[in-house]
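Chain identifiers are assigned alphabetically (A, B, ...) following the order of the sequence lines, protein sequences preceding nucleic acid strands; residue numbering begins at 1 within each chain.
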Protein chains: 2
Amino acid sequence: MQTIAPELAELAGLIADPGRAGILSRLMDGRAQTASELALVAGVTPQTASWHLARLAERALLKVERRGPRRFYRLATPLVAQMLEGMMTVAAIDPRPSRPPPRIGAEMRRARTCYDHLAGELGVAVTDAMRRHDHLNLDQEGGELTASGRAFLGDLGIDLHAPARSRRVLCRPCLDWSEQRLHLAGRAGAAIANLALQRDWIRRRPQGRSVEITAAGLVAFRDLFGARI
Amino acid sequence: MQTIAPELAELAGLIADPGRAGILSRLMDGRAQTASELALVAGVTPQTASWHLARLAERALLKVERRGPRRFYRLATPLVAQMLEGMMTVAAIDPRPSRPPPRIGAEMRRARTCYDHLAGELGVAVTDAMRRHDHLNLDQEGGELTASGRAFLGDLGIDLHAPARSRRVLCRPCLDWSEQRLHLAGRAGAAIANLALQRDWIRRRPQGRSVEITAAGLVAFRDLFGARI
DNA sequence: TGAACATTTCGATCATGATCGAAGCGTTAC
DNA sequence: GTAACGCTTCGATCATGATCGAAATGTTCA
């Protein structure tokens, strides 16, 4: 009985190094980063990072893009991001009493992007607000926008019509590893995050995946969405 | 900026050993197995398997249950199973041309259980049939039973009312790693698999997660479900 | 063409952890 | 009690792979 276990072990081995895990974690925001930047994140020298990146790219967990003398790396597919999401969810739960709970930076816990949508306290608050206002039904099973939800997002200028050949899903629950709560993912979640970036409600911090909520953003999330944040 | 990367790496390290990956893969059917059985699966001596099992249980990926002199191990939570699902999906895709595609046993590919629901060709065929008959809508986003689907399963004797305190989801898509197609998971998927076992449409093989489709099962899946199998 | 810079390749070193034999522990049955 | 059995712990060995210095490659720009 051949199983997929050897491939599973090999894949896990690629994530099992702290440097590579840091690189993958850093790339979870969906953006591309240079090899040098990722070396810093991983806390290793450029030549070591290069070795790690080569292994990840060889296994097609990462895609590489050359721009001049630099090489930009990004997650190869959303499937990889989704896998990492699932692993982080389990990684965040460690019931060993001896173990201190993972120390997550306050900024990271407050607001970050998870591949392409909002996560952290902000992501959960926006999701909760949309549920309270009957814009959204969401549980572990899946999610759907209500008529009022579609109207709400439409009023904000979000076009929810999928590109013709995109099979991307509209609503999907994503288990937030820092909050241990569901937040909204899928095309709708990505559209909200994009809007927030465009309108300068949130700004990406140069380092890492966390985002800063601007003063205007605080007002917008509270008044427009009714988020308790 | 503290991230969850160290915990992620540690978690991945637990899965990164072929023996442990085999053990976890074997336990993906949700049942409990003895340490000796798992040593066989992992292809190591009992004392080595014991060491692996202790590490997995310590990190709460497995739960252990003593029955007399034996110890039965099972996956600790459905969250662990879901994480492994996601990893197997990625593990099954390895675009390196040098690499032969993972050799999955014919029995495994034909029919198996994935934690608690049907997978493999059988799982996909049943799911496809339910979609063709308008019993089910399913995409990556989520899924729902139609009125006719509820009636159909009700006629088969499946009670879909959730236990009061269960927050288990009704329909969920699960990406089949051997077929690269969606199949039905969640409470509905589990109910169908249970029914099939009860009515002797499928039988668990003593070794491994694959199941045998009985002659009666072939008739039932074709005539009752309309599955092309 | 040559200089500056980002990145990779090579080679040697070093640490981690997987393995199994032997022995110990715990439970059950007689 | 004691024998049988399943499983775990201990100890020593061995293999894999992470690391960095040094050097090479490749790209851009002048």
Side-chain angles (χ1 to χ4, degrees), chain A residues 5-27 31-74 96 206-207, chain B residues 5-27 31-74 96 206-207:
Chain A
E7 287 79 15
L8 176 62
E10 192 191 3
L11 172 65
L14 278 176
I15 311 171
D17 175 83
R20 286 195 295 265
I23 287 170
L24 291 169
S25 179
R26 176 69 182 81
L27 294 174
R31 287 186 299 173
Q33 300 290 342
T34 64
S36 313
E37 159 76 14
L38 294 171
L40 275 180
V41 170
V44 294
T45 58
Q47 58 270 37
T48 301
S50 173
W51 181 75
H52 287 313
L53 289 167
R55 296 198 59 190
L56 291 170
E58 183 199 6
R59 181 53 184 79
L61 296 185
L62 301 185
K63 263 190 313 204
V64 59
E65 196 179 321
R66 308 164 106 105
R67 286 188 221 159
R70 295 163 196 267
R71 301 203 184 178
F72 285 80
Y73 289 86
R74 66 168 72 239
R96 283 174 286 185
Q207 305 277 346
Chain B
E7 286 79 15
L8 176 63
E10 191 190 2
L11 172 65
L14 279 177
I15 310 171
D17 175 84
R20 286 195 295 266
I23 287 170
L24 290 168
S25 179
R26 176 70 182 81
L27 293 174
R31 288 186 298 173
Q33 300 290 341
T34 64
S36 313
E37 159 77 13
L38 294 171
L40 276 180
V41 170
V44 294
T45 59
Q47 58 270 36
T48 301
S50 173
W51 181 74
H52 288 312
L53 289 166
R55 295 197 61 191
L56 292 169
E58 182 199 6
R59 180 53 184 78
L61 295 185
L62 301 185
K63 263 189 315 203
V64 59
E65 196 179 322
R66 310 162 102 105
R67 287 187 221 159
R70 297 162 195 267
R71 303 203 183 178
F72 285 80
Y73 289 87
R74 68 167 72 239
R96 283 175 285 184
Q207 306 276 347

Between [atom2] of [N] and [atom1] of [X], the distance in whole Å:
X	N	atom1	atom2	answer
Q47(B)	dA12(D)	CD	C1'	14 Å
R70(B)	dA29(C)	CZ	P	11 Å
L14(B)	dA18(C)	CG	C1'	13 Å
L53(A)	dT9(C)	CG	P	11 Å
R67(B)	dA29(C)	CZ	C1'	19 Å
E65(A)	dA6(C)	CD	C1'	16 Å
W51(B)	dT19(C)	CH2	P	7 Å
I23(B)	dA18(C)	CD1	P	12 Å

Using a cut-off of less than 4.0 Å, is there contact between a side-chain N or O of [X] and OP1 or OP2 of [N]?
X	N	result
Y73(A)	dA6(C)	no
R71(B)	dT8(D)	yes
T48(A)	dA18(D)	no
R20(B)	dA18(C)	yes
S50(A)	dT8(C)	yes

Less than 4.0 Å between a side-chain N and a carboxylate O, is that true for E65(A) and K63(A)?
no

E37(A) with R26(A): basic N within carboxylate O range, under 4.0 Å:
yes

Search all heavy atoms of V41(B) against all heavy atoms of G22(B) and return the closest pair with its distance.
CG1-O, 3.7 Å

Nearest to the side chain of [X], heavy atoms from C-beta on, is which of [options]?
X	options	value
H52(A)	dT9(C), dT28(D), dA18(D)	dA18(D)
A35(B)	dG26(D), dT8(D), dT19(D)	dT8(D)
P69(B)	dG6(D), dG21(D), dT9(D)	dG6(D)
V44(A)	dT19(D), dT28(C), dG17(C)	dT19(D)

Using a 3.5 Å distance criterion without hydrogens, assess whether the side chain of R20(B) forms a donor-acceptor pair with backbone atoms of G13(B).
yes

With a sphere of 6.0 Å drawn around CZ of R70(B), does it hold more than 12 non-hydrogen atoms of other residues, nucleotides or ligands?
no

Could you check R55(A) against R66(A) and say which one's nearest nucleotide on DNA chain D is further toward the 5' end?
R55(A)

Quick check: on DNA chain C, is the nucleotide nearest D17(B) upstream (toward 5') of the one nearest A54(A), or the reverse? Name the residue that is more 5'.
A54(A)

